[in-house]
Each structure stands twice: as structure tokens, then as C-alpha cells.
Visitor: 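Take this structure first; my questions come after.
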Amino acid sequence: MRVLAAVVCVILAARITLLQGVTAGILISIVLLPVWVVTLWRHRGGSVIVTLGGLAIISGLVLTDFFAGDHPTSESMMQQNTFSLISVIGGIGVVVWVRSLLGNAATALWYGVGLMVGVVFHGLDMDNVWKFDLSVPATVIVLALCMMSRRPWVEMIALLLLAVVSALNDSRSAGSMLLVAAALVVWQALGSRLAKSSTTVRTLAVFGFTAVIGYAALQAFILEGWFGKAAAVRSEAQIAQSGSLLLGGRPELGASTELIAANPFGLGSGTLANGIDLLIAKTGMARLNYDPNNGYVERYMFGNGFEVHSMLGDLWIRFGLFGAAMLIVALVVITLGTAGQVAKRAASGLMIFLAIQVFWDSLFAPFFSTSISTLVLGVALAMVPRTRKDASAVSDPEFVSFAR
């Protein structure tokens, strides 16, 4: 059974497409539905995510039909968006089931192997192989191996090295997240010498403080030219443009906020943008001092549906309030699960990194294969069982490996 679980985890993470939008992982999650749905229901937030996910799928179909009168629609796009959401729901359930058999570290390792297999199947982006292809799989594999070592200093060194590699390969956001994760691993290790545990609220405050300091530090390093002149010049231009490196590097945020404000209930999983939507999006981007009349908005963002470069924005627009609510619940699960582990001085560097990555993707990354993969793994590893009996906790591998 453990071998089967490992193979299932690899296939799921590889996201090998069989038909349009249908991956091998989706078929596996359907076959294993009777197994994983029971396991998922025993974890806090599991039933809520499945319920909201199902309602989001229905909402996407209903909204598409509602807007069909004044918007073009695409059945193939609706199918692909629907299957993407199904892969999230089923993926979380399957990985939680695998984790109950293998433990967190082994589950993460096999999942990382699957991500690397997916890179082989989908091909490499030669513009920046590390940033677009190898960064996430390599990070998951390396940190999973470090998790097995159970040595915080090994995790800290790995996180710092990965941060440097990411920054040198123009992956500034990933470098910031890895740096923040390294700082929290150090804080956790030092804190364990002073107290055995902390509170979740205090831990969340430390998260926020460390994130601000880590972001500011990496920005300063980049602007000083530590990671190359090109990165420094590009960052300076983005700050000059909008007053912030975040807003300058993610002008799509202006488009998403304007579109959601104009359509608070969403637009549908199969709805294509019309001229009014395009004007609304461009207005929001122009407010960030970004020139939207460069072809990028028409071709990439709205050439085939809605892509606002934000998981929250994408899910809200495509699946309505239920889509946004499902992601918010997932974020709560990751936040409380990770904070609870850190408060007990038992969180791995991988868990901390995944929590930061998922939050970043929720605001600044599109709802596609990479962000879906980290969301699935992050939620599955952070989920807490509904009830834990002391007598069974000692022998159950799910509880034994929960923290690590």
C-alpha cells in the first residue's frame, strides 16, 4: 500500500495531460474517491473545501450561462477551468490520504519527484529554466530531504542557498520567500531553547514581522546590485513607475480589483472578455502608472478568457464568490496549520516555505499548474485531524509524522 501511495503521489504531482484539461491525477482521484474522501473528512477544513469547491464549479457554469447574452463564451475553456478546480479538490484529498500512509516528509519527497517528472513531460522554458521550471520541484525535493534529517541548521543552509540561486536567476519573489522561511526556521530553533512552545497569535505576528523585514532586506540587496545590474535596474524602474516593487512588478492587480468591483459575483468559467471588461481592466492598470496598450493585456490577460495573474482574482472571476471562498478557507487551513506547528517549534522549512508561497500565489500568481501544485501540497501538509486521541497518536503514522 505504501508503494502504491508513493506512485499515486508522483503521478498526481506530474500533472500529465491525457485529454483537454483531464490529467492522470484527476482520474486517480476519481478512482480513489471512496478512500480519500473519508480521510479528508476527518481533517479540519476538508469538508468545507470540498463543499465550496463543488459549489464553485456549479457557480462557474451558471455564471457562464448568465453572461452569455452579452459576452462570448467558450465551452473548451469552461471545461479546462472546471477540470483545474477538480484537480485541486481531488489533489488535496489524495495527498492527505498519502500523507496518512507515508508521513509528511516522504509524501513531500515523492510529490517533489512528481513535479520534476512533470517538467520532463512538459518541456523546459529556455528563457529561464530555473525560474519557470526547476525552482519549485527542486525546492520541494531539497527541503523534503532536509525535513528527513530533522536538523534545523541543514534546513537553514538549504533555504539560504536556494534563495541565492533564485535571486541570481531573476526569481526575486522566490528568493524573498526562501529568505523569510530561513529566518523563521532560525527563530523557531532559537525559540525552542527559551520555551517549548508559543501561541498561534504570537506566531502569526512573527510571520508578518519577518515577512516585512525579509522583503525589505532582499529589495535592498537587489537595488544595491548584489544579484546583478540587470535586476537592480529593472527593480528601480518598477519602483519609480508605481512607488512599490510589488505593484510595479504586478500591474495585473489593478485589473483584477477593477473587474471584481464591477462584477462582484464573478463572470463564469467559460466567459470570454468583451470590450467593456477590457476597458475596465486597462483603467485599473493605468491607475498604477502602467501603460496597458502594449498588446500584453489583449493577448495574454484577455485573449482567451480572464487571466489576472492572481489565484484569488482568477478563481473569483471564473467561479464567483464560492471560488474565492474556497481559496480563503484553504489559506486559513494553511495559516493555522503552519502557525500551530511553528508555535510548537516543530514546523519544517518546507511547510513554512509552502505557506508563504501559497499566500504569494493567491495574490500575485495565475491559477495554473505550478500554483495549483503548491496549493495542493501546502493544504494537504497543513491540515490538522479533527480529533486526536492520545492512545492512538503514538502509533498512528499520520500523527507521528504530523509535525515533520
Side-chain angles (χ1 to χ4, degrees), residues 15 17-31 33 36-37 40 45-94 255-256 258-278 280-281 300-331 361-362 365-369 371-373 375-376 379:
R15 299 189 62 83
T17 303
L18 303 177
L19 299 172
Q20 181 168 341
V22 181
T23 64
I26 290 177
L27 294 183
I28 287 177
S29 65
I30 293 174
V31 172
L33 177 64
W36 65 256
V37 74
L40 188 62
S47 59
V48 180
I49 289 176
V50 172
T51 302
L52 289 175
L55 292 173
I57 291 171
I58 297 172
S59 173
L61 303 178
V62 172
L63 286 168
T64 300
D65 183 64
F66 178 81
F67 282 101
D70 57 4
H71 283 73
T73 61
S74 169
E75 186 174 341
S76 63
M77 187 185 69
M78 180 170 63
Q79 177 181 324
Q80 185 146 359
N81 285 331
T82 301
F83 282 130
S84 292
L85 193 55
I86 290 174
S87 72
V88 172
I89 301 168
I92 292 172
V94 171
S256 61
E258 290 294 325
L259 283 170
I260 290 172
N263 305 278
F265 295 104
L267 286 160
S269 54
T271 304
L272 300 174
N274 61 16
I276 295 176
D277 298 324
L278 200 61
I280 291 173
Y300 174 74
M301 294 181 64
F302 305 108
N304 186 27
F306 293 85
E307 179 49 74
V308 294
H309 220 278
S310 159
M311 279 208 298
L312 181 59
D314 286 346
L315 286 169
W316 197 327
I317 291 171
R318 299 174 191 178
F319 299 101
L321 295 175
F322 290 114
M326 188 203 76
L327 181 60
I328 290 172
V329 171
L331 293 176
D361 290 347
S362 297
F367 183 67
F368 77 131
S369 57
S371 56
I372 288 175
S373 297
L375 174 64
V376 167
V379 173

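Note that the numbering runs from 1 along the sequence shown for the chain. The shown structure was predicted, so the numbers you read here are calculated from the model rather than taken from an experiment.
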Visitor: Should we count CZ of Phe368 as having more than 12 external heavy atoms under 6.0 Å?
Guide: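 Yes.
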Visitor: For Met77 and Gly270, work out which heavy atoms get closest and say how close.
Guide: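 That would be CE-C, 3.4 Å.
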Visitor: Hey, are the side chains of Val88 and Val379 touching, using non-hydrogen atoms and a 4.5 Å cut-off?
Guide: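 SC-SC contact between Val88 and Val379 ruled out.
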Visitor: Hey, mind stepping through His309 and Tyr300 against side-chain contact (heavy atoms from CB on, under 4.5 Å) and telling me if it holds?
Guide: CA-CA 10 Å; His309 220 278; Tyr300 174 74; 3.9 Å; yes
Visitor: What are the two closest heavy atoms between Val329 and Gly45, and how far apart are they?
Guide: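 Looking at all heavy atoms of both residues, the closest pair is CG1-O, 4.5 Å.
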Visitor: Between Val376, Val22, Ile26, which is the residue that forms a side chain to side chain contact (heavy atoms under 4.5 Å, CB included) with Ser87?
Guide: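 Output: one option passes, namely Ile26.
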Visitor: Is the number of heavy atoms from other residues, nucleotides or ligands within 6.0 Å of CZ (Phe66) greater than 12?
Guide: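 No, the 6.0 Å shell around CZ holds no more than 12 heavy atoms from other groups.
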Visitor: So, for Ala255 and Met301, which heavy atoms are closest and what is the spacing to 0.1 Å?
Guide: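 Minimum heavy-atom contact is CB-CE, 3.7 Å.
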Visitor: For the side chain to side chain contact (heavy atoms under 4.5 Å, CB included) test, which of Ile317, Asp277, Thr271 pairs with Asn263?
Guide: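 Testing Asn263 for a side chain to side chain contact (heavy atoms under 4.5 Å, CB included) against Ile317, Asp277, Thr271 leaves exactly one candidate, Asp277.
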Visitor: So does Ile276 have more than 12 non-hydrogen atoms from other groups sitting under 6.0 Å from CD1?
Guide: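 Atom CD1 in Ile276 is not packed in, count stays at 12 or less.
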Visitor: For the backbone of Gln20 and the side chain of Gln79, can you confirm whether one donor and one acceptor N or O come within less than 3.5 Å of each other?
Guide: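 Yes; judged by distance alone, with no hydrogens or angles, the pair exists.
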Visitor: Which heavy atom in Pro366 sits nearest to a heavy atom in Asp314, and how many Å separate them?
Guide: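 Shortest heavy-atom contact: CA-OD2, 3.6 Å.
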Visitor: State, to 0.1 Å, how close Gly313 and Ile260 come at their nearest heavy-atom pair, and which atoms those are.
Guide: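 Here Gly313 and Ile260 meet closest at CA-CD1, 4.1 Å.
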Visitor: Before giving the answer on side-chain contact (heavy atoms from CB on, under 4.5 Å), spell out for Leu259 and Val308 the whole-Å C-alpha distance, their side-chain angles and the decisive distance to 0.1 Å.
Guide: CA-CA 9 Å; Leu259 283 170; Val308 294; 4.1 Å; yes
Visitor: For Phe306, is there any backbone N or O sitting under 3.5 Å from a side-chain donor or acceptor partner on Arg318?
Guide: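 At least one qualifying donor-acceptor pair exists.
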Visitor: Can you tell me how far CG of Leu315 sits from CZ of Phe367, rounded to the nearest 0.5 angstrom?
Guide: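 Interatomic distance, Phe367 CZ to Leu315 CG, rounded to 0.5 Å: 4.5 Å.
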Visitor: Return the OG to CE distance between Ser269 and Met78, rounded to the nearest 0.5 Å.
Guide: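 Between Ser269 OG and Met78 CE, I get 6.0 Å after rounding to 0.5 Å.
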Visitor: Under the ring pair (Phe, Tyr, Trp, His ring centres under 6.0 Å) rule, what pairs show up with a residue in residues 310-331, not counting sequence neighbours?
Guide: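 Residue pairs passing ring pair (Phe, Tyr, Trp, His ring centres under 6.0 Å), neighbours aside: none found.
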Visitor: Could you state the interatomic distance from OG (Ser84) to CD1 (Ile89), rounded to the nearest 0.5 Å?
Guide: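 Ser84 atom OG to Ile89 atom CD1 measures 11.0 Å (nearest 0.5 Å).
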Visitor: To the nearest 0.5 Å, what is the distance between CG (Leu52) and CG (Leu327)?
Guide: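 Interatomic distance, Leu52 CG to Leu327 CG, rounded to 0.5 Å: 11.0 Å.
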Visitor: Mind checking whether Leu18 and Thr23 have side chains closer than 4.5 Å, heavy atoms only?
Guide: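 Counting from C-beta outward, Leu18 and Thr23 never come under 4.5 Å.
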Visitor: Quick one: pull up CZ in Phe67 and OG1 in Thr73 and give me the separation to the nearest 0.5 Å.
Guide: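 Reported to 0.5 Å precision, the distance equals 12.5 Å.
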Visitor: Within the side chain of Ser29, is there an N or O that forms a donor-acceptor pair under 3.5 Å with the backbone of Gly91?
Guide: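 Between the backbone of Gly91 and the side chain of Ser29 there is no qualifying donor-acceptor contact (under 3.5 Å).
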Visitor: Short question: side chain of Thr51, backbone of Ser47 - any donor-acceptor pair under 3.5 Å?
Guide: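 Confirmed, Thr51 side chain pairs with Ser47 backbone.
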Visitor: If I compare all heavy atoms of Gly305 with all of Leu272, which pair ends up nearest, and what's the gap?
Guide: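 Minimum heavy-atom contact is N-CD2, 3.3 Å.
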Visitor: Report yes if the side chains of Leu321 and Ser59 come closer than 4.5 Å at any heavy-atom pair, otherwise no.
Guide: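 Of all side-chain heavy-atom pairs linking Ser59 with Leu321, none is under 4.5 Å.
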Visitor: Report the distance from atom CG of Leu375 to atom CG of Asp361, rounding to the nearest 0.5 Å.
Guide: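 Spacing of CG (Leu375) from CG (Asp361) equals 8.5 Å.
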